[in-house]
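Counting begins at 1 with the first residue of the sequence.
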Amino acid sequence: MPTLGLVVAQFNRPITEQMEAQALEAADDAGADVFDVVRVPGAYDAPLAADRLARREAVDAVAVIGSVITGDTNHDQVITDATAQRLSDVSLERDTPVTLGVTGPGMSAAEARERVENAAKAVDGALELLEELPAAEPDGDADGT
């Protein structure tokens, strides 16, 4: 049974609460175990929590969920760009699938509420990556030397 870590951003909690429920339901439907749910203040804070979970021997993959809603500045773009880049870095550095279920940028609150299912997609994506990725090569060259 695959084991997931789940990171949930608390900013825009009325939306991310629904996203968390969707993610947990998707994990349950897929027969995956959720090792831990780490709640962080906002999406920008998620990479550190994802990294800590990805370091755990028991965690096979990490799904990160959150919702970044647009305001009067381009802050939503800055936050989502930085978050996506650092989560990608965590995935590569830890050789662990880390999926992005953070909605935004450029979304209104109404649009964000319409996208809560992206949390389930992040869980499904993490599990699909676990199934599809080839096994890692042992340290050394691809020929095993």
Side-chain angles (χ1 to χ4, degrees), residues 1-137 139 141-142:
M1 170 185 305
T3 302
L4 300 175
L6 182 62
V7 178
V8 182
Q10 299 298 288
F11 204 82
N12 296 315
R13 186 66 184 147
I15 295 165
T16 63
E17 186 173 67
Q18 294 174 39
M19 294 177 85
E20 181 178 345
Q22 292 264 334
L24 292 171
E25 184 178 331
D28 187 54
D29 289 349
D33 184 37
V34 176
F35 174 80
D36 197 4
V37 177
V38 178
R39 292 173 183 88
V40 296
Y44 187 82
D45 309 301
L48 177 59
D51 186 66
R52 294 278 174 96
L53 285 169
R55 291 179 192 214
R56 297 289 183 104
E57 184 77 27
V59 174
D60 299 312
V62 179
V64 177
I65 59 175
S67 182
V68 181
I69 295 172
T70 194
D72 294 333
T73 68
N74 68 345
H75 183 73
D76 59 321
Q77 184 73 48
V78 171
I79 293 298
T80 54
D81 287 352
T83 301
Q85 181 60 57
R86 291 305 296 148
L87 290 174
S88 178
D89 293 345
V90 169
S91 185
L92 293 171
E93 290 167 8
R94 299 288 168 216
D95 194 29
T96 301
V98 177
T99 55
L100 180 65
V102 176
T103 59
M107 275 186 332
S108 67
E111 290 168 323
R113 284 188 292 277
E114 293 172 1
R115 291 182 174 94
V116 296
E117 75 281 351
N118 281 12
K121 291 177 184 176
V123 167
D124 293 342
L127 295 172
E128 185 176 324
L129 272 169
L130 284 173
E131 287 181 24
E132 297 297 326
L133 285 174
E137 290 287 332
D139 289 342
D141 294 333

May I ask you to decide if Gly5's main-chain N or O and Asp36's side chain share a donor-acceptor pair within less than 3.5 Å?
-> no

Would you say Asp45's side chain and Gly42's backbone share a donor-acceptor pair under 3.5 angstrom?
-> yes

To the nearest 0.5 Å, what is the distance between [atom1] on [X] and [atom2] on [Y]?
X      : Y     : atom1 : atom2 : answer
Glu114 : Ile15 : CD    : CD1   : 10.5 Å
Leu48  : Leu53 : CG    : CG    : 10.0 Å
Leu6   : Ile65 : CG    : CD1   : 5.0 Å
Arg39  : Arg13 : CZ    : CZ    : 6.0 Å
Thr96  : Arg55 : OG1   : CZ    : 11.0 Å
Arg115 : Gln18 : CZ    : CD    : 14.0 Å

Show your reasoning for whether side-chain contact (heavy atoms from CB on, under 4.5 Å) applies to Val102 and Ile79.
-> CA-CA 10 Å; Val102 176; Ile79 293 298; over 6 Å; no

By side chain to side chain donor-acceptor pair (under 3.5 Å), which residues pair with Glu17, not counting sequence neighbours?
-> none

For Gln85, side chain to side chain donor-acceptor pair (under 3.5 Å) partners two or more places apart | Asp89

Atom CZ of Arg94: over 12 foreign heavy atoms under 6.0 Å | yes

Least distance between heavy atoms, [X] atom then [Y] atom:
X     : Y      : value
Ala9  : Ala43  : CB-N, 3.5 Å
Gln22 : Ala119 : CB-CB, 4.3 Å
Thr99 : Ala122 : OG1-O, 2.7 Å
Val90 : Asp51  : CG1-CA, 3.7 Å
Val7  : Ala50  : CG2-N, 3.8 Å
Val62 : Ala54  : CG2-N, 4.0 Å

Using a 3.5 Å cut-off and no angle test, enumerate the donor-acceptor pairs between side-chain atoms of residues 103-113 and protein atoms at least two apart in sequence or in another chain.
residue : atom : partner : partner atom : Å
Thr103  : OG1  : Ser67   : OG           : 3.3
Ser108  : OG   : Ala110  : N            : 3.4
Ser108  : OG   : Glu111  : N            : 3.1
Ser108  : OG   : Glu111  : OE1          : 3.4
Glu111  : OE1  : Ser108  : N            : 2.7

State, yes or no, whether a side-chain contact exists between Val37 and Leu24 at a heavy-atom distance under 4.5 Å.
-> yes

